Chemist: 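The structure under discussion is supplied below as structure tokens; questions concerning it will follow.
Positions are given from 1 along the sequence. Computed from a predicted model, the values in this text were never measured in an experiment. The basis for the numbers below is simple: all heavy atoms, side chains too, and nothing from hydrogens, waters or symmetry mates.
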Amino acid sequence: MGTVNEKLEAYGLKKALSYLDSNPEENVPKVLNWVRRFDKENYYQSAYDLVEEALKNPENNWYKLIMSLYDDIDSGVRKKMFENFLINSAIVGCQRKKQNEDKYDCNIPWAILMDPTSACNLHCKGCWAADYGNKMNMSFETLDSIIEQGKKLGTYMYIYSGGEPLVRKNDIIKLCEKHNDCEFLAFTNATLIDETFADEMLRVKNFVPAISVEGFEEATDFRRGEGTYQAVVRAMEILKEKKLPFGISCCYTSKNTDVIGSEEYFDDMIAKGAKFAWFFTYMPVGADAVPELMASAQQREFMYHQIRKFRQTKPLFTMDFWNDGEYVQGCIAGGRCYLHINANGDIEPCAFIHYADSNIKDKTLLEAYQSPLFMQYRKNQPFNENHLRPCPLLDNPGRLTDIVHKSGAKSTDMTHPEDVEELSAKCADAAENWAPVAEKLWEESHPVEQENAG
């Protein structure tokens, strides 16, 4: 891992984590205090406070979630996950990331999202993956190089998307094996998860799937194809049986928001074994986009309230990448927290922003972080003082077009290059409708700031 200090800190934290399995209820608070001491920049103060408070009450939903990791997850997988996620990524990696950001005056991501392939075994309505062409792949050597470069700068979290990343499951396992100090996650339709692959996950211990589901059977199969939901359920059964952690990835649209935001749905996913849920709103990106699938302002507000309510009551870790902007000070893309590298090697600021001025075949990661496109992001973030309007495309008309024009970035769509003005126009009505709702919600959650501003 890096410097002598980093190695000493990592060793100390690993020793602390080793106490957890003997008596987690008693020892989790002790380890939390250890982690606090190593987190010199106090990156996670609010998280420590939340966990500390939760551990005082066995009826608390966060207490139940933490303890379920001991009941439901294989001990070797759990230890490796804690080591890679808590120590290597969240503490040591974040300290290195901050040092390098100061040194190079650029954003350095906490996580890199990358597409091993553009190929997919499904054809989901409104998905942009096919626009890249389904013949593109990053070689094992390229993926390996991205991870090597990323670790040197402080990135220990790698997330696969696509296409369907598990089309490359053998290479993914090899990368998990080689970089056993990193935590790997994949957005996957789960149809390629079988007993054999689950056994490989158990062996390497540092791979976690985020399974894409659109609701129950009717909604999932409507968008992803008949039989997909049952394949997903079978994959979840295999993972749960083998005590492997997994979560869900949910795209809420005009067609499924009432289901995805329902208590019945949350309870069903928890019962099936999900430990986390990542929520996205539908973005009309690419030639095959279906703007009618965009959630309305009322539906987005519904998800805002439902997710916050369930955070207080359900043993499930949830994130909404738009409505949670207030917790991360706006947009997290452009390398501020993460970026996206597509299967052609184009280094994009976001999974939903398909423009680039750098390619991993021609530039190092650091050169891309210092490129005009990423520096424009760094200069302009946050895109709105109301962090419930974080996105330069969906929430702030003109901000993305300005960045693309000033940086000279080009569309990365291989078959139908998308003019940024036309893309932005598809989001204009949604931005206009969301603005007053976001202002109302922001005033309700930040009354003191509003008084001071007045």
Side-chain angles (χ1 to χ4, degrees), residues 106-107 126 128 131 254 280-287 289-301 304 320-326 328-340 342 346-358 368-413 416-443 446 449-450 453:
C106 64
N107 285 338
W128 67 71
D131 294 338
S254 60
F280 305 83
T281 191
Y282 178 75
M283 296 285 279
V285 175
V290 185
E292 294 76 27
L293 284 176
M294 294 176 74
S296 68
Q298 290 70 35
Q299 288 171 321
R300 187 167 166 182
E301 181 181 15
Y304 172 94
D320 181 325
F321 285 88
W322 272 262
N323 287 343
D324 283 343
E326 65 178 306
V328 288
Q329 290 75 56
C331 170
I332 62 171
R336 182 170 163 254
C337 294
Y338 98 107
L339 54 80
H340 178 236
N342 71 21
D346 299 308
I347 304 170
E348 303 167 336
C350 175
F352 302 96
I353 305 296
H354 297 169
Y355 299 89
D357 63 358
S358 304
Y369 301 163
Q370 294 174 317
S371 72
L373 178 59
F374 281 83
M375 293 307 287
Q376 278 291 315
Y377 259 79
R378 182 172 171 83
K379 178 182 174 184
N380 284 280
Q381 287 166 322
F383 296 104
N384 198 306
E385 289 183 8
N386 180 340
H387 297 321
L388 295 176
R389 298 171 62 190
C391 183
L393 173 59
L394 184 62
D395 301 322
N396 298 282
R399 297 305 296 272
L400 180 66
T401 55
D402 191 48
I403 284 173
V404 169
H405 291 323
K406 283 184 176 174
S407 66
K410 305 296 183 188
S411 172
T412 56
D413 192 311
H416 303 96
E418 189 161 26
D419 180 83
V420 69
E421 305 274 358
E422 293 176 10
L423 172 63
S424 297
K426 289 190 281 189
C427 299
D429 287 346
E432 185 179 348
N433 294 334
W434 175 245
V437 178
E439 292 307 317
K440 178 196 72 168
L441 294 172
W442 188 254
E443 286 173 17
H446 298 78
E449 290 178 26
Q450 296 299 320

Chemist: Which residues satisfy the side-chain hydrogen bond (donor to acceptor under 3.5 Å, both in side chains) test with Arg336, sequence neighbours excluded?
Modeler: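 Testing Arg336 for side-chain hydrogen bond (donor to acceptor under 3.5 Å, both in side chains), a comparison that skips the adjacent residues, returns none.
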Chemist: Evaluate Cys350 against Leu339 for side-chain contact (heavy atoms from CB on, under 4.5 Å), listing each step before the verdict.
Modeler: CA-CA 5 Å; Cys350 175; Leu339 54 80; over 6 Å; no
Chemist: Would you mind reporting whether Leu394 and Arg300 have side-chain heavy atoms less than 4.5 Å apart?
Modeler: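 The answer is yes, as the side chains (C-beta and beyond) meet within the 4.5 Å cut-off.
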Chemist: Once you round to the nearest 0.5 Å, how far does CG of Leu400 lie from CG of Asp395?
Modeler: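 That separation rounds to 12.0 Å.
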Chemist: Provide the closest heavy-atom pair for Arg389 versus Ala435 in the form atom of the first, atom of the second, distance.
Modeler: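 Looking at all heavy atoms of both residues, the closest pair is CZ-CB, 3.7 Å.
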Chemist: How about Phe383 and Tyr377: are their ring centroids closer than 6.0 Å?
Modeler: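 Aromatic pair counts; centres sit under 6.0 Å.
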Chemist: Quick one, Pro284 and Cys427 - any side-chain contact, counting heavy atoms below 4.5 Å?
Modeler: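 Yes - at least one pair of side-chain heavy atoms lies under 4.5 Å apart.
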Chemist: Nearest 0.5 Å, please: how far is CG in Asp346 from CG in Asp357?
Modeler: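 Separation between the atoms: 10.0 Å.
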Chemist: Counting distance only, does the side-chain N/O of Ser254 pair as donor-acceptor with the main-chain N or O of Glu292 below 3.5 Å?
Modeler: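 Such a contact is found between Ser254 side chain and Glu292 backbone.
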Chemist: If I take atom CH2 from residue Trp434 and atom CD from residue Gln298, how far apart are they, to the nearest 0.5 angstrom?
Modeler: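 If we round to the nearest 0.5 Å, Trp434:CH2 and Gln298:CD are 9.5 Å apart.
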Chemist: What's the separation between atom CD in Gln329 and atom SG in Cys337, rounded to the nearest 0.5 Å?
Modeler: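 That separation rounds to 9.0 Å.
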Chemist: Does Lys410 NZ have over 12 foreign heavy atoms under 6.0 Å away?
Modeler: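 Open.
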Chemist: What is the minimum heavy-atom distance between Met375 and Cys106, and which atoms define it?
Modeler: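 Shortest heavy-atom contact: SD-CB, 3.9 Å.
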Chemist: What's the verdict on side-chain contact (heavy atoms from CB on, under 4.5 Å) for Asn433 and Met294, showing C-alpha distance, side-chain angles and the deciding distance?
Modeler: CA-CA 12 Å; Asn433 294 334; Met294 294 176 74; over 6 Å; no
Chemist: Do Phe374 and Ile347 have side-chain heavy atoms sitting under 4.5 Å apart?
Modeler: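 A side-chain contact under 4.5 Å exists here.
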Chemist: How about Pro291 and Lys426: do any of their side-chain heavy atoms sit closer than 4.5 Å?
Modeler: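 A side-chain contact under 4.5 Å exists here.
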Chemist: Does Glu432 CD have over 12 foreign heavy atoms under 6.0 Å away?
Modeler: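 It does not: Glu432 CD has 12 such atoms or fewer within range.
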Chemist: Could you pull out all residues at least two apart from Asn384 that satisfy side-chain hydrogen bond (donor to acceptor under 3.5 Å, both in side chains)?
Modeler: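 Once residues adjacent in sequence are excluded, the partners of Asn384 under the side-chain hydrogen bond (donor to acceptor under 3.5 Å, both in side chains) criterion are Asn396.
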Chemist: Look at the side chain of Gln381 and the backbone N and O of Pro390, then say whether any donor-acceptor pair between them is shorter than 3.5 Å.
Modeler: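 No, Gln381 side chain to Pro390 backbone: no donor-acceptor pair under 3.5 Å.
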Chemist: Nearest 0.5 Å, what's the CD-OG distance between Gln376 and Ser371?
Modeler: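 The OG atom of Ser371 is 10.0 Å from CD of Gln376, to the nearest 0.5 Å.
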Chemist: Go through the steps to decide whether Asp413 and His354 satisfy the test side-chain contact (heavy atoms from CB on, under 4.5 Å), and finish with yes or no.
Modeler: CA-CA 7 Å; Asp413 192 311; His354 297 169; 5.7 Å; no
Chemist: Using atom types as modelled and distance alone, determine if a side-chain donor or acceptor of Ser424 lies under 3.5 Å from a backbone N or O of Glu421.
Modeler: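 Pair absent, no side-chain N/O of Ser424 close to backbone of Glu421.
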Chemist: Given side chains that start at C-beta, do those of Leu373 and Pro349 come closer than 4.5 Å, heavy atoms only?
Modeler: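 Sidechains of Pro349 and Leu373: in contact.
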Chemist: Could you tell me if the side chain of Met283 sits less than 4.5 Å from the side chain of Leu393, heavy atoms only?
Modeler: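 In short, these two side chains touch, coming nearer than 4.5 Å.
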Chemist: Compare every heavy atom of Glu418 with every heavy atom of Ser411, then report the nearest pair and how far apart it is.
Modeler: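 Of all heavy-atom pairs spanning Ser411 and Glu418, the closest is OG-N, 3.0 Å.
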Chemist: With a 4.5 Å heavy-atom cut-off, do Trp322 and Cys391 have their side chains touching?
Modeler: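 Yes - at least one pair of side-chain heavy atoms lies under 4.5 Å apart.
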Chemist: Any side-chain heavy-atom pair from His340 and Phe352 closer than 4.5 angstrom?
Modeler: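 Sidechains of Phe352 and His340: no contact.
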Chemist: Could you state the interatomic distance from CG (Asp320) to OG1 (Thr281), rounded to the nearest 0.5 Å?
Modeler: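 Rounded to the nearest 0.5 Å, the CG-OG1 separation comes out at 7.5 Å.
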Chemist: In this structure, which one of Asn386, Leu388, Asn323 forms a side-chain contact (heavy atoms from CB on, under 4.5 Å) with Leu441?
Modeler: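 Between Leu441 and the candidates, side-chain contact (heavy atoms from CB on, under 4.5 Å) is satisfied uniquely by Leu388.
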Chemist: Please report the shortest heavy-atom distance between Glu385 and Trp442, naming the atom on each side.
Modeler: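 Heavy atoms only, the tightest pair is O-CZ2, 3.6 Å.
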Chemist: Where do Ile332 and Tyr338 land on the side-chain contact (heavy atoms from CB on, under 4.5 Å) test, with the steps shown first?
Modeler: CA-CA 6 Å; Ile332 62 171; Tyr338 98 107; 3.9 Å; yes
